[in-house]
Every structure is written in structure tokens, then in C-alpha cells.
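One-based numbering, in listed order, for ligands and for the atoms of each. The structure displayed is predicted, hence computed values, not measured ones.
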Amino acid sequence: MTLKDNHGYHMSAEEFRRHGYNLIDWLADYALDVERYPVLSQVAPGDIRAKLPPVAPQVGERFEDVMADFERDILPGITHWQSPNFFAYFPANTSGPSILGELLGAGLGVQGMLWLTSPACTELETHVLDWLVDILHLPRKFKSTSSGGGVIQDSASSATLCALLTARERATRFNVKDSGTTGRLIAYGSTETHSSLEKACAIAGIGVQNLRKIPTNDRLQMDPAALSAQIVQDRSAGMQPFFVCATVGTTSTLAVDPVAEIASVCEENQLWLHVDAAMAGSAAMCEEHAALHRGVERADSYCFNPHKWMFTNFDCDCFFVADREELINTLTILPEYLRNQATESGEVIDYRDWQVPLGRRFRSLKLWFVLRHYGVEGLKHHIREHVALTARFAKWVSDSPDFEIVVPPNLNLVCFRYRADNDFNKKLVEALNRSGRLFLTHTTVRGEYCLRFCIGQTNTAESHVAAAWRLIEGTARQLQAHLDAEK
Ligand SMILES: *Cc1c(COP(=O)(O)O)cnc(C)c1O
């Protein structure tokens, strides 16, 4: 009997082929038609679940029926991150080569915890991350051919956690790993640092109370003098400073911390320096933005997310360390059932020792596909286009008498507000997102509620940005007229 006529309940190869072709057609059409849907899903909480049967099917169903239900019941609950009118948060952009790389990885179904469990899964990852060190103008020490190396994590949050854990072990000479005693460790970020640092402090047993949020200057960059002063104060209180997270492109306003100055403070005090460049890091491949990485050559670890602004679908964070031994010693646990000769020879990388979980997907495939499809030139071209569009948008805002820029725009983000109170700006964001024609989010800067407009979607063109600006102006005018009429 052949596999062909003995598939039991499984999908046959022929069925898989047919549905697979149709699904790729569906995705290609989706990418072309995505502007037909409201960008922000307009469903209410519980709407989607209400459409689903209360119990799972006992008898298998036809794939066509599942797809039809997907279109009818699930699609309305999708917020269209791949719409060219998506300007919210930070992008999670994807692309044809990335989706195909992801599909190929799923088809291979590899679990790459050890080198042995798929040598290519490990070696392609190591190789592509070494490429990225050059592409992003990062220091050589982050290469696998040096003392360091890179690894793909699911997210920047996991990268920060791994950095914090390794710093903790360095500071306590592996006392926490071995005995569970954390002592009096103190970590530092700024008031603008991503919340994942606070979460990492909770998880790593540092304690949220032992994270110091250093104040920022008027450009929302960490103040190195304040950092230095806080370290002195903590030391004199008998605490043990050990870790600083600097940010290249904060989530709220894309502020860039003075990494070189912070590195000096870290060197003086022997603290681990982690640099979080989750979105902005991608821009450093362009020569005119390479200075974003100034000072990173003095960092112990660094991360950025190709899944934000490098056309690689979620999840894909690249995490680099200067000293891989410390990372591995922190995260390695070797149970008997994983022992093997390749590992024992010391000649291979086992990426399970570079992350929190044991198992891992073949994520470097999509990254490799993206790099080979676009080439570095292609990636730079599209990043430059986003930056140029952002500058144009910022000009329209600053030329308007009714709006003001709140912080100087950087790279692909503009923070701005209508010249009215916070309540008006909040209503403006709500009205815009209710329209379904675009999606943007907000932040507060020095107590002022402002709109965040981030351009990073794969297919966003000038026409989308221009239409968005007309909609923002028009909606604000309507709101103002409505308010004037009420008076
Ligand atoms: C988006 C972002 C993160 C979190 O990214 P995840 O990959 O979702 O964990 C962390 N830091 C900064 C600066 C970010 O912009």
C-alpha cells in the first residue's frame, strides 16, 4: 500500500496541492484587495466567538467549508496590519518572500532545538545573523566567528529577558542560577524604555521595585548624568547595579538614547549594556542612518526586529551578544535524553541554550528568503521611501495652522496634535479609526495627548499618506464645527 491511498483521516497530497494553490491565490488576492476592508476591525468583544459552534466537530469537515467560514466569520475580526493604510503602533510588515519562507518552514516542520535535530536550521540562522552584523553596521564582536553571535528570538521582549538573565548571572557569578539567591541587584532603563524590561525584571526575580526609570531630556532621551547619579545613590544604599537597557528608537516617540555616553557609565561601573533597537535598528542599514548604532560597539547585547520594519512576518527578532559563553552558561541545562556527540564535540551551536524555550522553529528561512529577494539595496530602497514619505507628512502637518508637531519627527514616525485640548485629540483618533479608512494610535508626551503616525507598511505609497492627511484634516474640521455648533 502506498502513502497515496492510505492517508486515513489525513489530507491527501492531492487535496493538499489543490487547497494549497487556492490558499496562495487567496493570499495574493488579499494583498491586492486589502484596502476593501476597514483597517481596524469594527467588531465588538465576543462577536467572533458568538459565531463559532460551542463544541468542536466530531466529524471532519471539507476544507472548502472551513475557508468559507473563515471568510464569513473570522475575517471581520481581523485588523489589517498589511493594509497600506495601517499607521498604528509600529508596523509588523511582511512580504511575498517572507510568507513563502514561513510556509516552507511549516512544511518541513523542523524542530531545531539542537544542531543535530536539523543542522541546516542552525547553520543558516548563524550565517544569516552574521550577514546582518555587516548589513546593519554592527560590531564584529557580535559575529559567530568572533566571541559572540546572533540568535533569532520570538520577540524583542524575549531578547531583553535573555540579556537580563545573562547579566544577572555575570553579576552574581552564577549564584542565582545555582542557588536561587538574587541579592540586591538593580537594573536601569529610562522612563521611555519599553515595558518588556519591567516584565523581564519581574520574571528574572530582580523585582519591579529594583528597576530604576531614569529621567529623560526634552528630546525624551535617557540622561546619562542622571543614570550615573542614580548608580552612585544605589551603591551607597548597599545595592548592586548590574544592567542598563538603552533604546535606539523608543516605542512612544522613536527617541534615540545616547548609547555612547551610557556605555561610558556602564564601563565605569561594570554594568551590562543591552541596546534595544526593535524597530529603528532596520534603518541603520542605510548609510545616512548608520549613526543610530553609534556606541553599540561597546554594548554587551543588542536586538532588533525584522518583524517590524524589514518585510519579515512576525515572529522574528535578532538578538546578538558579544560573549556567547556567558549566554550559553546562563541558559544551558543538559538532560540525558538530549546528549549527543555533536554537542559534546563543542563544534556546533545548539540554539536551545540561547533562548528560554527548548524547541524552536526554522525562522531563518524567511529571513534568508527576504534578504535574497530584496538584496540589501532593495531593503534600503524601501526603508528610504518610508523615511521620505514621513518627512513629507511631517511637512504637511507643520505647514497646517491647525496642527502642531509635538516632538521632532524621526525616521518613520510623526507625533503631532490638533491645536486643542487632549479630549479633542482623543476624539479625533477615535473618529479616524471608526472610519475604517486608516488606523493610527496615540501617545502622551509631557501630559499632552498626541497622534502617532508611523509609516512602515510594505505597500504604503504617497497616495495613501496623502489620503490619510486629507482625512485627518477633514475629520478634525468636522469635529471642530460640531463643537462650535454646540456652543
Ligand atoms: C516593539 C518594541 C518592543 C517589543 O517588541 P516585541 O518584539 O513585540 O517584544 C520592545 N522595544 C521596543 C523599543 C519596541 O519598539
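Using a 4.0 Å cut-off between a side-chain N of Lys or Arg and a carboxylate O of Asp or Glu, Glu267 and Arg298 qualify as a salt bridge.
Nearest non-hydrogen protein atom to atom 9 (O) of ligand 1 is Ser157 OG, 2.5 Å. Counting protein heavy atoms only, atom 11 (N) of ligand 1 is closest to Asp276 OD2, 2.6 Å. The protein heavy-atom contact nearest to atom 8 (O) of ligand 1 is Ser155 CB, 4.2 Å. The protein atom (non-hydrogen) at minimum distance from atom 7 (O) of ligand 1 is Ala156 N, 2.7 Å.
The two atoms that bring Trp81 and Phe90 nearest to each other are CZ3-O, 3.4 Å, heavy atoms only.
Within 6.0 Å of CZ in Arg384 there are more than 12 heavy atoms belonging to other residues, nucleotides or ligands.
At a heavy-atom cutoff of 4.0 Å, ligand 1 is contacted by the side chain of Asn305 but not by its backbone.
When each atom of ligand 1 is checked for a heavy atom of His307 under 4.0 Å away, the hits are 7 (O). Of all atoms in ligand 1, numbered sequentially from 1 with element shown, those under 4.0 Å from a heavy atom of Phe90 are 15 (O). Under a 4.0 Å criterion applied to the non-hydrogen atoms of Gly249, ligand 1 contributes the atoms 13 (C).
Between Tyr351 and Trp354, the angle of the ring planes goes over 60°, which puts this pair in the perpendicular group of the 30/60° scheme.
The option from Lys308, His194, Met279 that lies nearest to atom 2 (C) of ligand 1, judged by heavy atoms, is Lys308.
At a 3.5 angstrom cut-off on N or O pairs, Thr251 counts as close to ligand 1.
Arg360 and Gln111 are not linked by any side-chain donor-acceptor pair at a separation below 3.5 angstrom, with hydrogens and angles left out of the test.
The residue from Phe87, Tyr89, Tyr37 that alone fulfils the ring-ring contact (aromatic ring centres under 6.0 Å, His included) condition with Phe439 is Tyr89. Looking at Trp396, Phe453, Tyr418 one by one, the single match for ring-ring contact (aromatic ring centres under 6.0 Å, His included) with Phe403 turns out to be Tyr418.
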